[in-house]
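In this chain, residues are counted from 1 in sequence order.
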Amino acid sequence: MIPIIKNYLSTGLYTYSILQYDIYILLKRYYPIVSLKTLGITADGRSIYCLKLGNPKGRKRILIDAGCHGREYMNSMLVMHQLRFFLETYRQDTLKDYEIYIIPMLNPDGVSISQFGAKSIHNLDVRNRVQAILDKNGIHHKYWKSNAMGVDINRNFSTSYWYNFNDTTYEPSYRFFKGYSPTSEVETATLQNVCTSIDGLQTVISYHSSGEEIYFDYGQVGSLMNDTLKILNILQSTTGYSKAESSLKGVGCSDWIVQKLKIPAFTIETGLKDCPLHIDEYAKVWHDNKNVISKLLRII
């Protein structure tokens, strides 16, 4: 059993420290095929990592991100497992035209809060803010979605709809607060910056939970929708997930990708039960998604 799975199954939590260990193991075994870059530093001082593999001279690039919402940390382990599985099974010529970027844990502060509560936050002011939000809402820390500043990252992207988007939450919270301004959070800015900096970016896959469905329709039309549907068909046949309803005036990552970069973007919702997903769901989540990277390279 590979370390990534063993660590997760033994604790029930895929933590930031386990992520760091797994990155270390991957780099030790696969560098320079795999390289690492720190894209940003969170409010509580954690690094937002990006792993990259493939041919820097390749014409086509894809990006996969996970861990945008704190309580959806199973997806961080999933994408690390996908990467490890791909590295163990791919042929050398597979990546001659491609580079793959993977951001396994976009919101490590939020993940830590969901797993361990306010005590996981090192900065005293930020910790007090988190604890005050938990106390005010009367919830267990495991339900935390936001970052450490109380902003829901997937409602903070600078789409044209942001100013008119009404989520009924007007102050920092454990979920649903879009922030006081678009792209106000380091996590949001980090993802937007890396996406705009990648020449030849073909698509972005964002992993969330739950529902076993794929969001794909963000109002695109014509050739962009045609390209989207080609990739969607592969994602559906690979995962067995259903099509999700349209998102026409959203403020999330995929909304922004389609609107600003004019490329296909997908939000894949893993699992069926409430988040955080129970460890018992992982076997099916892995079965449904283990071949996503290799299948993407065949169609893009």
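Judged as a ring pair (Phe, Tyr, Trp, His ring centres under 6.0 Å), and not counting sequence neighbours, the contacts of Phe86 are Tyr90. For Tyr163, the ring pair (Phe, Tyr, Trp, His ring centres under 6.0 Å) criterion is met by no residue, not counting sequence neighbours. Applying the ring pair (Phe, Tyr, Trp, His ring centres under 6.0 Å) criterion to Tyr49, with sequence neighbours excluded, gives no partner residue.
In this structure, Asp135 places its CG atom where more than 12 heavy-atom neighbours from other residues, nucleotides or ligands lie under 6.0 Å away.
For the side chain to side chain contact (heavy atoms under 4.5 Å, CB included) test with Leu13, the passing option among Lys142, Gln115, Met77 is Gln115; the others fail.
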(message) One pair to check against side-chain hydrogen bond (donor to acceptor under 3.5 Å, both in side chains): Asp288 and Thr270. What are the steps and the verdict?
(response) CA-CA 9 Å; Asp288 294 342; Thr270 63; over 6 Å; no
(request) Evaluate the side-chain contact (heavy atoms from CB on, under 4.5 Å) criterion for residues Lys136 and Glu171: first the C-alpha distance (whole Å), next the side-chain angles of each, then the deciding distance (0.1 Å), finally the verdict. (result) CA-CA 12 Å; Lys136 181 175 182 178; Glu171 62 183 8; 2.3 Å; yes
(message) What verdict does the side-chain hydrogen bond (donor to acceptor under 3.5 Å, both in side chains) test give for Tyr241 and Asn289, after you've listed the backbone C-alpha separation in whole Å, the side-chain angles of each residue and the deciding distance to 0.1 Å?
(response) CA-CA 10 Å; Tyr241 292 175; Asn289 290 273; 3.1 Å; yes
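Connectivity analysis of hydrophobic side chains (ILVMFWY, heavy atoms under 4.5 Å, direct or indirect) links Tyr31 to nothing; its cluster partners are none. When hydrophobic side chains of Ile, Leu, Val, Met, Phe, Trp and Tyr are connected at separations under 4.5 Å, Tyr170 ends up as a singleton with no cluster partners. Grouped by direct or indirect side-chain proximity (heavy atoms under 4.5 Å, Ile/Leu/Val/Met/Phe/Trp/Tyr only), Phe157 sits with Leu39, Ile48, Leu63, Tyr101, Ile103, Leu106, Ile153, Leu191, Val194, Ile198, Leu201, Val204, Trp256, Ile257, Leu261, Ile263.
Looking only at distances, no side-chain donor or acceptor of Trp162 sits under 3.5 Å from a matching main-chain atom of Asn164.
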